[in-house]
Protein chains: 2
Amino acid sequence: MTSTRDALVDAAADLLAAGGPAAVTLREVGRRAGVSHNAPYKHFADKEELLAAVAGRELTRRSGVSREGEDPAAALSRRAKAYVRWAMAYPARFKLVFGAWTTASAELGEAASASRASFVETVRAAQAAGAAPPGDPERVTALVLALAHGAADLALGGHLSRDGKGHADPEDLVDDLMALLAQGAG
Amino acid sequence: MTSTRDALVDAAADLLAAGGPAAVTLREVGRRAGVSHNAPYKHFADKEELLAAVAGRELTRRSGVSREGEDPAAALSRRAKAYVRWAMAYPARFKLVFGAWTTASAELGEAASASRASFVETVRAAQAAGAAPPGDPERVTALVLALAHGAADLALGGHLSRDGKGHADPEDLVDDLMALLAQGAG
DNA sequence: ACCTGAACACCGTTCAAGT
DNA sequence: ACCTGAACACCGTTCAAGT
């Protein structure tokens with residue numbers, strides 16, 4: 001017994017995954033949810049607010065699960081690679097979540113904060129274990145996320161290793177950074 | 001005496017800078033170039049091909065200028081920061097250039113290759129000077145570009161240092177990576 | 001070779017009206 | 001409170017026709 005609202009968000013997420021952002025039209029969203037083409041306006045102020053709901057739900061679902069007793073260095077590498085793998089597997093959701101939002105969705109903001117805070121804790125543990133250099137853990141987190149984000153985004157655009165030489169996939173670049181971080185810690 | 005084609009590309013670039021991708025409509029492009037709303041179809045197969053021309057021209061203009069006698073470590077840092085600064089100053093052009101192209105524009109491909117090759121040479125010089133770790137220079141280039149790209153893209157989306165703590169702007173992250181590279185070289 | 005004007009099939013959004 | 005159907009002002013693209 002899903003609400004109409006949930007049905008609309010489901011439909012939008014499906015369309016996004018299947019055909020990219022251009023495929024998400026309010027008319028098709030309504031059709032799939034079994035309502036008229038402007039019923040969405042009774043639940044969301046406009047199209048962007050519907051997309052913000054899709055992004056917020058995605059971020060909430062993807063919230064990091066920490067594992068008991070995992071080696072801190074391995075945990076950091078695993079999380080950075082999970083980020084990259086998620087981006088490569090669901091490019092449209094990835095680009096949606098990290099786009100520039102004019103609508104400040106509460107759910108979206110909170111989910112992003114929670115996800116980031118969890119990542120910072122992983123970095124802090126890695127620092128304590130000597131697998132990352134000292135210094136503000138928020139800043140080291142930003143460094144790792146920026147590398148993972150950029151590697152994934154470049155790869156999605158086909159701008160990584162176009163010509164065979166120096167072929168590096170995004171996860172290889174995460175490995176390279178992890179090696180530098182470990183070296184920088186020692 | 002600019003050709004109609006050039007006038008169309010100019011108009012599209014202006015609209016992109018002023019109002020983002022949504023503002024680039026073929027109708028307004030035509031109006032600004034002083035032609036009808038479908039004259040663009042006599043010069044470009046479709047809207048994407050016009051945008052590819054805008055992106056290709058931008059990439060050509062921005063092609064790296066190497067400086068004689070510059071310290072290799074400083075040169076690498078300067079170029080990475082120039083990349084970040086360009087992205088922050090012209091976000092729409094940045095996102096356009098690094099988007100996923102279905103149209104394989106010759107100009108766009110060649111400009112991208114040339115730009116990348118020039119960056120690889122800068123990395124090679126930095127390695128020779130002991131300012132970057134050894135190994136495939138293409139791969140070290142990919143690492144630096146991925147970090148710069150990700151830092152800029154996250155910053156543009158407001159996803160860097162949202163809460164004041166650990167505040168790092170994209171150029172700070174470039175500095176952090178440069179420090180790690182220098183340490184990794186020694 | 002290059003351009004125009006009308007037309008087609010869309011789109012997001014608004015509005016009056018229904019239950 | 002939630003939904004519908006018609007309407008408005010767009011959009012990219014196509015096509016027949018003009019020079």
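Letters A, B, ... are given to chains in the order of the sequence lines, protein chains preceding strands, and every chain is numbered from 1. Please read all numbers here as calculations on a predicted model, not as lab measurements.
Nucleic acid contact for A:H37: base, since at least one base atom lies under 4.0 Å from a heavy atom of the residue. Nucleic acid contact for A:V29: none, since no nucleic acid atom lies under 4.0 Å from a heavy atom of the residue.
Base pairing of D:dG5 is made with C:dC15, judged by Watson-Crick or G-U wobble geometry with both donor-acceptor distances under 3.5 Å.
A cation-pi arrangement is present between A:R93 and A:Y90, with the terminal nitrogen or guanidinium carbon under 6.0 Å from the aromatic centre and inside a 45° cone about the axis.
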Q: Dump the intermediate steps for side chain to side chain contact (heavy atoms under 4.5 Å, CB included) on A:Q127 and A:L181, then the final yes or no.
A: CA-CA 9 Å; A:Q127 288 177 311; A:L181 287 174; over 6 Å; no
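Protein atom NE2 of B:H43 is 13 Å distant from nucleotide atom C1' of C:dT4, rounded to whole Å. In this structure, the CG atom of B:L26 is 14 Å from the P atom of C:dT4, given to the nearest Å. One can place CD of B:E48 at 17 Å from C1' of D:dC11, the figure rounded to the nearest angstrom. Rounded to whole Å, the distance from CZ on A:F44 to C1' on D:dC2 is 14 Å. At whole-Å resolution of the value, CG in B:L15 and P in D:dC11 are 11 Å apart. In this structure, B:L50 atom CG and D:dC11 atom P are separated by 15 Å, rounded to whole Å. To the nearest angstrom, C1' of D:dT14 lies 9 Å from OH of B:Y41. Between B:K42 atom NZ and D:dC15 atom P the separation is 10 Å, expressed in whole Å.
A sub-4.0 Å separation between OP1 or OP2 of D:dC11 and a side-chain N or O of B:T25 is present.
Between A:H149 and A:Y83, the ring planes are tilted. Angles from 30° to 60° get that label.
Each of D:dC3, C:dC11, D:dC11 was ranked by its minimum atom distance to the side chain of B:R27; first place goes to D:dC11. Listed candidates were C:dG12, D:dC3, C:dA6. Nearest to the side chain of A:K47 is C:dG12. Of all nucleotides listed (D:dA7, C:dT4, C:dC15), C:dC15 comes nearest to the side chain of A:N38.
Ion pairing between A:D172 and A:K81 fails under the 4.0 Å rule for side-chain N and carboxylate O.
The two residues B:A12 and B:V24 make their nearest non-hydrogen contact at O-CG2, 3.9 Å.
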